[in-house]
Amino acid sequence: METKFNPQAIEKDIYEAWEKSGAFEAHREEGKKPFTIVMPPPNITGQLHMGHAMDCTLQDAAIRYHRMKGDPTLWLPGTDHAAIATEVKIVDKMREEGLTKESLGREKFLERAWAWKEQYGNRITMQQRRMGTSCDWSRERFTMDEGCSRAVREVFCRLYDKGLIYRGTRLVNWCPCCSTSISDAEVEYEEKDGNFWHLYYPVKETGEKLELATTRPETMLGDTAVAINPEDERYKHLHGCHVILPLLNKEIPIVLDEHADMTKGTGVVKITPAHDPNDYEVGQRHNLHIVRVFTYDGRMTGAKEKQENDELFASGKAAVNEPVVLDCGPYAGMTTMEARKAIVKDLEKGGYLGQIESLKHEVGTCYRCHTVVEPMVSRQWFVKMEPLARPAIEAVETGKTRFVPERFEKNYFNWMRNIRDWCISRQLWWGHRIPAWYCDDCGEITVARQDPDVCPKCGSRHLKQDEDVLDTWFSSALWPFSTLGWPDNTEDLKYFYPTTMLVTGYDIITFWVSRMIFSGIECMGETPFATVLIHGLVRDELGRKMSKSLGNGVDPLEIIDQYGADALRFSLLMGVSPGNDTRFSIDKVEAARNFANKIWNASRFVLMNTQEKVEINPDTLTMADKWILTRFEEAVKDISAHNEEGDFGLSATRIYDFAWSEFCDWYIEMAKPWLLGEDETAKRNVQAVLLYVLEGVLKLLHPFMPFLTEEVYHYLPGTEGFLMLKPWPEAGKWDFPEDLRKMEGIMEVIRSIRNLRAEMNVPAGRRTRLMFLPKEGWADTLNHAGLYFARLAGASQSSLIEKAADVTEKTVTTVTGAGTVYIPLGDLVDIEKELARLNKELENLTKEISRIEGKLNNPGFVAKAPEALVAGEREKLQTNQHKLEALKTRIEELKETR
RNA sequence: GGGGUUUUAGCUCAGCUGGUUAGAGCGUUACGUUGACAUCGUAAAGGUCGGAGGUUCGAGUCCUCUAAACCCCACCA
């Protein structure tokens with residue numbers, strides 16, 4: 001073994017060996033409860049980032065832990081086609097070549113998209129392999145593969161047949177840049193500077209000027225009413241009147257509606273049903289015309305759009321509330337921002353413009369391209385949410401699905417209880433095409449599992465499939481069961497559904513988690529997972545979100561190349577608590593790398609001293625052996641418990657502390673004298689314990705640092721096969737509380753001596769004699785610890801004395817729970833300094849004693865605190881009183897000698 | 001407007017159902033290469049746990065109020 005752990009040299013080989021051997025593959029074992037995770041499928045848009053790395057690490061830790069525990073485990077991987085995100089990327093790339101979607105045509109475009117999927121999908125799975133991901137690649141899926149597509153179509157048809165999917169003309173969020181509708185969840189709000197333009201609309205009947213305010217004057221061409229509150233005293237006289245819409249000179253009604261808030265502005269609102277969600281609803285209530293003035297790519301409509309629209313109406317195929325399109329005349333073809341300027345200017349000219357206030361307001365933007373979204377009335381497909389949301393809410397209320405940490409339930413409920421119908425159609429080409437056909441002859445809509453040849457109503461062959469595709473989340477919503485073979489009732493589906501745990505970030509609870517829950521209940525009759533383990537975001541060193549635009553993203557692969565996958569994984573777990581964001585820093589990675597190296601070298605040490613497998617002989621164990629075995633089992637219990645809870649941050653910290661501080665810094669150091677000594681029994685003892693605990697440490701650490709532990713395991717004598725398939729350590733074999741107590745007493749003595757030596761500036765190389773005046777019950781233990789004092793406390797010789805008076809030389813002293821330690825230091829001892837030091841110790845001790853006494857003299861404490869606690873305090877008091885006595889005696893002695 | 005998170009050592013963060021003198025890593029200081037490891041060891045300095053009340057024998061931990069930072073949802077014509 002090399003003196004340094006070199007991850008680059010081993011990771012690739014180990015991963016290939018694992019994968020080739022089939023170690024990742026899931027096996028159904030009837031009668032045993034499986035542990036199942038479906039991996040959140042990364043988008044095929046690019047490459048993995050730190051968020052994926054964390055997601056992946058958490059899942060792999062859970063999977064490896066359960067695999068070692070003997071649960072049949074399935075971790076099902078895959079990728080997501082990410083309709084809009086991928087399409088945007090492909091179009092961008094085409095633009096560089098001077099191509100457009102339209103010039104290429106749908107078919108050619110899709111060819112490109114599949115090629116893209118091939119390239120980037122593979123790149124992602126390669127990256128996942130580098131992370132050490134132990135998922136079952138034989139079951140890898142893609143949201144647009146044949147099976148998933150079949151599931152999508154099946155769900156679409158079922159919901160359609162039940163009336164839960166419908167086509168309707170509604171106001172939707174429209175991204176003019178991506179040129180598609182997007183769902184409510186895909187709108188992000190950003191604060192932007194804007195203005196409040198006050199406008200005057202003349203009242204036809206009275207001639208007065210009605211003042212109102214708007215943030216979007218360019219929509220005024222589409223106004224089909226103004227609203228006032230029915231209760232508003234200021235405008236009672238206007239009930240039933242009309243206003244003349246400036247610029248267009250068009251008469252529109254004044255309607256009475258609650259939406260008009262008397263306390264805001266003038267209490268008058270202009271109503272643009274085609275381009276504002278609230279106005280749309282007002283329009284529905286009052287049966288207003290809907291006039292569309294924007295094109296789908298964000299410009300003002302003109303003669304061309306109007307003509308198309310007129311033709312639609314003429315053909316009789318217009319929807320019930322199909323909007324009318326306005327030819328905006330001089331504004332036609334302008335972008336909305338250009339039109340805004342022009343219209344404001346013209347309003348001013350006409351004397352219709354009042355004051356302009358500036359304000360900040362939240363503006364909806366597209367989550368993909370951050371273009372301001374335009375609410376638009378258009379014909380889309382929707383999922384009726386209310387009936388689906390109800391059981392999904394109940395599933396979480398009743399605990400069938402549990403969020404960890406629990407607080408994220410509130411997010412979920414908040415979203416689900418205020419849910420609106422889900423717009424699922426997208427005006428894109430990359431995705432699952434909507435399985436609906438329109439008959440050119442009779443207008444019948446056919447939704448079918450199999451592509452129809454003829455119209456089932458009129459028998460016509462002139463069928464056209466809907467041009468749109470489905471929202472990418474429609475297929476991801478089915479992921480927990482579509483990937484297991486649904487709609488067929490496969491063996492995998494029967495055995496692994498519902499899955500055990502879903503691991504994901506809090507940012508996609510609404511997008512994804514909620515939709516999987518209602519889809520699972522709807523299609524499978526059962527919630528798709530028992531636990532949702534939520535983690536936070538990985539931020540940069542300054543706490544900022546990692547993003548392309550900031551250029552502060554860190555590529556996981558670069559970190560792996562430099563420090564190894566284990567270091568990266570461990571750094572993403574250490575000190576992380578569930579649901580909270582974490583900052584990525586190279587310092588943490590280095591700390592993790594150092595830890596890996598520490599384990600490597602500890603293993604190297606054990607192996608240099610142990611050539612063959614040695615079994616533990618319980619009869620010959622020393623105090624130190626029993627101590628480490630007991631502490632090991634405590635670590636096993638704690639780590640197992642944290643793993644069960646999905647609290648891997650605590651597990652990682654615990655194994656770090658146990659391995660480094662207790663095993664390396666203490667036990668290995670205490671083992672050295674025995675290994676170098678003559679006593680063969682003692683030597684074998686220590687070898688056995690070293691091997692045993694090391695193997696245990698490797699197992700406990702394996703879920704977090706799989707490569708290192710697997711590699712080292714192979715060097716251990718008497719091992720064969722993969723560590724990843726070995727059983728998880730069990731506690732319950734070793735428990736020596738008495739030796740634990742003694743050992744800790746000795747450790748305190750050693751620490752005190754080291755402390756004293758440092759304080760007295762004793763050169764590290766200078767060995768000194770030690771004399772102990774033991775406290776009752778400790779003589780034997782101290783006597784047997786000579787080797788440890790020699791090794792760990794710089795003792796040349798240690799001996800017991802019976803009374804303080806036996807000390808005849810100049811010494812410094814430290815008082816411990818096990819007794820008083822005298823260190824003859826000759827010339828190094830300055831009596832005055834020593835007295836000052838001891839007096840300070842005395843002071844501290846006195847304070848501590850009075851604190852405990854205060855506690856014990858409190859009748860409430862003695863009466864109400866648990867007995868064990870009170871007893872503990874009493875014992876502590878006693879120990880400290882002993883120390884105090886010893887200290888006082890020592891001070892007196894010193895005073896005499898001066 | 002509704003909801004949530006965070007606030008603990010110079011920095012990054014742990015601290016489970018309230019119970020030793022509040023911990024770790026990094027950084028700082030001093031000493032140290034004793035054959036596993038300088039990607040190391042030993043020791044030290046550093047915190048009235050954002051503030052104010054309260055509950056309790058006992059509060060970093062529970063409750064109320066409050067301050068600051070951040071996030072989610074809804075809305076702003």
Side-chain angles (χ1 to χ4, degrees), chain A residues 1 3-5 189 196 212-216 219 226-227 259-261 264-272 276-279 282 359-362 405 407-408 410-411 413-415 418 506-507 509-510 536-537 541 543 563 567 574-577 579-583 585 587-588 590-609 638 641-642 645 647 649-650 652-653 656-657 661 664-665 668-669 672 676 751 754-759 761-765 791-792 794 844 847-848 851-852 855 858-866 868-870 872-873 876:
Chain A
M1 287 173 86
T3 58
K4 281 178 189 169
F5 172 51
Y189 288 88
F196 235 154
L212 51 83
T214 178
T215 53
R216 304 181 60 209
T219 61
V226 296
H259 169 61
D261 186 340
K264 274 186 191 158
T266 58
V268 185
V269 196
K270 68 192 230 12
I271 302 297
T272 322
D276 181 278
N278 289 310
D279 294 4
V282 174
L359 85 163
K360 282 190 191 296
H361 59 158
E362 298 279 311
R407 64 173 186 271
F408 290 103
K410 292 191 177 176
N411 268 9
F413 287 139
N414 186 28
W415 169 257
N418 299 300
Y506 59 72
D507 51 334
I509 292 175
T510 50
L537 268 40
E541 257 153 328
Y563 297 94
M574 268 276 270
V576 169
S577 62
N580 287 345
D581 291 353
T582 177
R583 292 186 196 201
S585 77
D587 286 352
K588 281 189 203 173
E590 277 180 8
R593 187 267 321 259
N594 293 352
F595 178 55
N597 191 56
K598 186 74 183 176
I599 297 297
W600 176 262
N601 272 294
S603 310
R604 212 158 66 85
F605 173 79
V606 172
L607 292 167
M608 284 166 75
N609 289 287
D638 290 346
H642 293 141
E645 285 301 303
D647 206 338
L650 289 181
T653 308
Y656 183 96
D657 288 341
S661 315
C664 293
D665 291 346
I668 288 187
E669 290 309 317
K672 282 176 182 172
L676 299 170
R751 282 197 202 96
R754 285 169 172 174
N755 182 329
L756 191 54
R757 286 171 58 103
E759 228 173 298
N761 290 319
V762 178
R791 179 87 203 174
L792 302 173
N844 288 340
K847 245 190 249 166
E848 174 63 7
R851 197 189 58 82
I852 301 173
K855 234 178 182 179
N858 179 342
F861 177 72
V862 180
K864 292 187 184 171
L869 194 72
V870 179
E873 291 293 313
K876 214 183 332 172

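None of the values given here were measured: they were computed from a predicted structure. Protein chains get the first letters and strands the later ones, always in sequence-line order, with residue 1 at the start of each.
- When the P atom is used for both B:A24 and B:A45, the distance is 12 Å, rounded to whole Å.
- Counting non-hydrogen atoms under 4.0 angstrom, A:Ala260 reaches a base of the nucleic acid.
- Within 4.0 Å of A:Ala213, counting heavy atoms only, lie sugar-phosphate atoms of the nucleic acid but no base atom.
- One interatomic measurement links the two molecules: CG of A:Asn411 to P of B:C71, which rounds to 14 Å at whole-angstrom precision.
- Rounded to whole Å, the separation between the C1' atoms of B:G4 and B:A9 comes to 28 Å.
- Nearest nucleotide to the A:Glu669 side chain, out of B:U42, B:A36, B:C31: B:A36.
- A:Lys598 comes within contact range of at least one nucleobase, with a heavy-atom separation under 4.0 Å.
- Atom CG in A:Asn594 sits roughly 19 Å away from atom P in B:A36 (whole-Å rounding).
- Residue A:Asn418 places no side-chain N or O under 4.0 Å from the OP1 or OP2 atom of B:C73.
- Counting heavy atoms from C-beta on, the side chains of A:Asp507 and A:Leu537 come closer than 4.5 Å.
- Residues A:Glu669 and A:Asp665 form no side-chain contact, since every pair of their non-hydrogen atoms from C-beta on lies 4.5 Å or further apart.
- Proximity of A:Thr653 to the phosphate of B:A24: no side-chain N or O atom is located under 4.0 Å from OP1 or OP2.
- A residue-by-residue look at A:Ser585 and A:Pro866 shows that A:Ser585 has its nearest nucleotide of RNA chain B further toward the 5' end.
- The A:Leu650 side chain lies nearest to B:A14 when the options are B:U20, B:A14, B:A36.
- Taking the nucleotide of RNA chain B with the nearest heavy atom to each of A:Gly267 and A:Glu541, the more 5' of the two is matched to A:Glu541.
- Nucleotide B:C40 holds its P atom 15 Å from the CZ atom of A:Phe5, rounded to whole Å.
- Of all nucleotides listed (B:G41, B:G15, B:C76), B:G41 comes nearest to the side chain of A:Asp665.
- One atom, CZ of A:Arg757, and another, P of B:U34, lie 15 Å apart when rounded to the nearest Å.
- Within the nucleic acid shown, A:Thr215 comes within 4.0 Å of sugar-phosphate atoms alone, with no base atom in reach, counting heavy atoms only.
- The side chain of A:Ala758 sits closest to B:A43 out of B:A36, B:A43, B:U5.
- In this structure, A:Arg593 places its CZ atom 13 Å from C1' of B:C26, rounding to the nearest Å.
- Look at the C1' atom in both B:G27 and B:U12: the space between them is 11 Å, to the nearest Å.
- OP1 and OP2 of B:G3 both lie 4.0 Å or more from every side-chain N or O belonging to A:Lys410.
- When the C1' atom is used for both B:A67 and B:C31, the distance is 45 Å, rounded to whole Å.
- Using the Watson-Crick or G-U wobble rule with both distances under 3.5 Å, B:U20 pairs with nothing in any strand shown.
- Residue contacts for A:Tyr656: at a heavy-atom cut-off of 4.0 Å it reaches the sugar-phosphate backbone alone, with no base atom in range.
- Within the 4.5 Å cutoff, the side chain of A:Glu541 has no heavy atoms near those of the A:Arg583 side chain.
- Taking only side-chain atoms of A:Ala764, from C-beta outward, the nucleotide of B:C31, B:C37, B:A43 with the closest atom is B:C31.
- Contact annotation: A:Lys4 side-chain N/O to B:A36 OP1/OP2 distance is not under 4.0 Å.
- Taking 4.0 angstrom as the limit, A:Asn597 places none of its side-chain polar atoms (N or O) nearer than this to OP1 or OP2 of B:C40.
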Audit row: A:Lys4, A:Trp600, side-chain contact (heavy atoms from CB on, under 4.5 Å) steps and yes/no: CA-CA 7 Å; A:Lys4 281 178 189 169; A:Trp600 176 262; 5.6 Å; no

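- Taking atom P on both nucleotides, B:C40 is separated from B:G25 by 11 Å, rounded to a whole Å.
- When the side-chain nitrogen and oxygen atoms of A:Arg754 are compared with OP1 and OP2 of B:A43, one or more of them lie within a distance under 4.0 Å.
- Remark: A:Lys598 fails to qualify as a cation-pi partner of A:Tyr656 under the 6.0 Å distance and 45° angle criteria applied to the six-membered ring.
- Searching all strands for a Watson-Crick or G-U wobble partner of B:A52 with both distances below 3.5 Å returns B:U64.
- Distance A:Lys876 NZ to B:G58 C1': 13 Å, rounded to the nearest Å.
- Among the protein residues, A:Ala591 comes within range of the sugar-phosphate backbone only, with heavy atoms under 4.0 Å from sugar or phosphate atoms but none that close to a base.
- Note on A:Arg583: a side-chain N or O is less than 4.0 Å away from OP1 or OP2 of B:C13.
- Shown here, B:G1 forms a base pair with B:C73; the pair counts as Watson-Crick or G-U wobble because both key distances fall under 3.5 Å.
- A:Phe861 is listed as a side-chain neighbour of A:Leu869, based on a closest heavy-atom distance under 4.5 Å.
- The C1' atoms of B:G60 and B:A36 are separated by 39 Å, rounded to the nearest whole Å.
- With rounding to whole Å, A:Tyr506 atom OH is found 16 Å from B:G4 atom P.
- Rounded to whole Å, atom C1' of B:C13 lies 13 Å from atom CG of A:Asp657.
- Judged by Watson-Crick or G-U wobble contacts below 3.5 Å, the nucleotide B:C40 has B:G32 as its partner.
- The side chain of A:Leu869 has B:G19 as its nearest neighbour among B:G32, B:G19, B:A43.
- Checking B:C37, B:C26, B:C75 against the side-chain heavy atoms of A:Asn601 singles out B:C37 as nearest.
- Closest contact between the side chain of A:Lys588 and the listed nucleotides B:A36, B:U12, B:A14 involves B:U12.
- Taking atom P in both B:C73 and B:A59, one finds a spacing of 40 Å when rounded to whole Å.
- Here B:A44 is the nucleotide among B:A14, B:A44, B:G19 with the atom lying nearest to any side-chain atom of A:Asn755.
- Nearest heavy atoms, A:Lys270 versus A:Asp279: O-OD2, 3.3 Å.
- Looking only at side-chain heavy atoms (C-beta outward), A:Val862 and A:Pro859 stay at 4.5 Å or farther from each other.
- Heavy atoms only, all atoms of each residue included: A:Val268 and A:Leu212 are closest at O-CB, 3.5 Å.
- Of the N and O atoms on the side chains of A:Asp581 and A:Tyr506, at least one donor lies less than 3.5 Å from an acceptor on the other residue.
- Look at the P atom in both B:G51 and B:A44: the space between them is 28 Å, to the nearest Å.
- Not a single donor-acceptor contact under 3.5 angstrom links the side-chain atoms of A:Glu759 to the base of B:A30.
- At the heavy-atom level, A:Leu212 lies nowhere under 4.0 Å from the strands shown.
- Remark: A:Lys672 is in phosphate contact with B:A36, judged by side-chain N or O atoms under 4.0 Å from OP1 or OP2.
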